[in-house]
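Every heavy atom of this structure was used, including side-chain atoms; hydrogens, water molecules and symmetry mates were not.
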Amino acid sequence: MRITTAAAITAIALAYATQAAADDYVQFSTGIDYSSGDYGDTVDTDMLAVPFSVKVQRGNFDVKLTLPYVDVTGPEGVIPGDGGVRGPGNGNGNGNGGGGTANPVVSSRSGLGDAVLSATYSMPIGESTWFDTTGKVKFPTASEAKFLGTGTTDFTLQGELLHAFGPLSASVRGGRRFNGSSDAYPLADVWQAGGGLYLASGNSTFGLDYDWREGSLATSPDRSEITGSLTQKLNDRLRLQGYAYTGLADGSPDIGAGAQILYRIGG
């Protein structure tokens with residue numbers, strides 16, 4: 001699930017501002033995200049997510065909280081938001097859909113997804129270069145019984161280097177996700193990495209991102225996916241974003257797309 005293509009939003013700051021510190025503002029956003037994939041199973045899992053986010057920016061520091069509402073249709077036990085991690089459903093025990101089941105039990109379930117709280121500090125290391133340090137906490141607000149989440153609290157620490165070459169910006173990032181573990185989901189800590197290119201043209205920013213993450217179970221394949229995005233700055237307060245993505249591994253959805261609307265107060 002794409003809550004937002006964060007780096008593309010960051011690219012707007014690179015494209016439209018040259019000051020070392022960002023303006024202070026509060027930003028509210030919502031949108032819709034649809035994805036579909038088999039996650040190595042014999043039947044596709046479809047997910048529709050509606051995320052709600054609030055972000056507070058103070059200088060080079062920001063804090064963001066996101067809570068999505070999700071609707072999932074697919075084999076019981078498959079949690080698409082966590083890369084197709086399979087729980088103790090369908091008689092498969094712990095694992096991923098790799099190999100699948102001949103006759104999976106398909107169900108529709110919906111409810112709140114996992115809440116994510118993140119904090120980022122952006123440090124300028126040159127006139128056109130920034131290094132962002134981000135910490136995230138995923139809270140288990142999604143129902144484990146409905147297979148909407150793993151019921152674990154996870155932590156992520158990530159660093160991202162961004163540089164602007166005039167209207168073209170580039171980023172490379174990497175980090176470690178420290179997964180909570182339980183008897184039902186004996187998740188391992190995993191590495192993640194990615195990068196992107198962003199081109200600013202007038203009030204538009206075009207983005208191309210790649211993201212990779214290790215599978216969190218021994219039987220889980222890695223996540224690997226490419227995202228293309230377009231972010232339009234309508235005015236100082238309002239931005240619109242559309243994006244589409246495709247997976248390159250069983251841990252990612254086969255296809256996905258979404259849209260966001262972002263509204264700022266202050267700045």
Side-chain angles (χ1 to χ4, degrees), residues 1-29 31 51 53-66 114-139 154-179 189-200 204-214 223-231 233 236 239 241 243 245 260 262 264 266-267:
M1 178 181 57
R2 288 288 190 281
I3 293 177
T4 185
T5 308
I9 301 300
T10 304
I12 295 177
L14 297 178
Y16 295 110
T18 56
Q19 69 270 31
D23 293 328
D24 296 347
Y25 62 84
V26 178
Q27 178 175 277
F28 301 92
S29 63
S53 299
V54 59
K55 175 182 175 182
V56 179
Q57 173 89 38
R58 294 295 302 272
N60 292 342
F61 181 78
D62 71 72
V63 177
K64 181 179 180 182
L65 176 65
T66 299
D114 288 322
V116 177
L117 177 66
S118 66
T120 298
Y121 179 75
S122 184
M123 180 177 64
I125 55 178
E127 291 185 359
S128 303
T129 307
W130 289 259
F131 184 79
D132 290 359
T133 302
T134 300
K136 294 183 182 181
V137 182
K138 187 205 80 174
F139 298 100
D154 309 326
F155 302 88
T156 300
L157 183 62
Q158 176 177 286
E160 182 171 21
L161 183 67
L162 306 102
H163 184 79
F165 305 89
L168 180 66
S169 303
S171 74
V172 61
R173 53 189 174 270
R176 183 79 165 167
R177 177 169 169 171
F178 303 92
N179 287 309
D189 300 338
V190 296
W191 293 104
Q192 58 187 41
L197 293 172
Y198 317 100
L199 177 65
S204 302
T205 299
F206 302 88
L208 183 65
D209 280 272
Y210 173 75
D211 287 290
W212 168 87
R213 191 176 78 200
E214 286 184 297
R223 296 187 66 171
S224 178
E225 49 204 62
I226 296 175
T227 302
S229 64
L230 169 61
T231 305
K233 180 181 178 182
D236 289 340
R239 291 160 171 79
Q241 183 188 76
Y243 57 88
Y245 51 97
Q260 291 265 321
L262 307 100
R264 290 185 178 184

* Can you measure from CZ (R177) to CG (D154) and round to the nearest 0.5 angstrom? => 4.5 Å
* How about T133 and M123: do any of their side-chain heavy atoms sit closer than 4.5 Å? -> no
* Structure fact -> With sequence neighbours left out, the residues meeting salt bridge (charged side-chain N to carboxylate O under 4.0 Å, His left out) with R213 are none
* To do: Please step through side chain to side chain donor-acceptor pair (under 3.5 Å) for the pair N60 and S122, ending with a clear verdict.
  => CA-CA 5 Å; N60 292 342; S122 184; 5.6 Å; no
* Structure fact -> Across all chains, not counting sequence neighbours, the side-chain contact (heavy atoms from CB on, under 4.5 Å) partners of L161 are I125, T129, F131, V172
* Could you tell me whether D189 atom CG has more than 12 heavy atoms of other residues or ligands within 6.0 Å of it? => yes
* Mind checking whether Q57 and R264 have side chains closer than 4.5 Å, heavy atoms only? -> no
* Specify the closest pair of heavy atoms between S171 and Y198, including all atoms of both residues, with the distance to one decimal. => OG-OH, 3.3 Å
* Search all heavy atoms of W191 against all heavy atoms of W212 and return the closest pair with its distance. => O-CZ3, 3.6 Å
* Does the side chain of R176 reach to within under 4.5 Å of the side chain of L157, using non-hydrogen atoms? -> no
* Structure fact -> Interatomic distance, CZ@R58 vs OH@Y25, rounded to 0.5 Å, equals 12.5 Å
* Would you call the rings of Y245 and Y243 parallel, tilted or perpendicular if under 30° counts as parallel and over 60° as perpendicular? -> parallel
* To do: Indicate yes or no: at least one non-hydrogen side-chain atom of Q192 is less than 4.5 angstrom from one of T156.
  => yes
* **Salt bridge present between D211 and R223 (N-O < 4.0 angstrom)** => no
* Does a side-chain heavy-atom distance below 4.5 Å link T120 with K55? -> no
* Side-chain touch P51/Q260, heavy atoms, less than 4.5 angstrom -> yes
* Can you spot which of L197, L168, L230 makes a side-chain contact (heavy atoms from CB on, under 4.5 Å) with F206? => L230
* **Nearest non-hydrogen partners of S224 and Y210, listed with the distance** => OG-OH, 2.7 Å
* For R173 and G196, work out which heavy atoms get closest and say how close. => NH1-N, 4.1 Å
* Check whether any side-chain N or O of D24 sits under 3.5 Å from a backbone N or O of G59 as a donor-acceptor pair, and report yes or no. => yes
* Exercise: identify the closest heavy-atom pair between S118 and K136 -> CB-CG, 3.6 Å
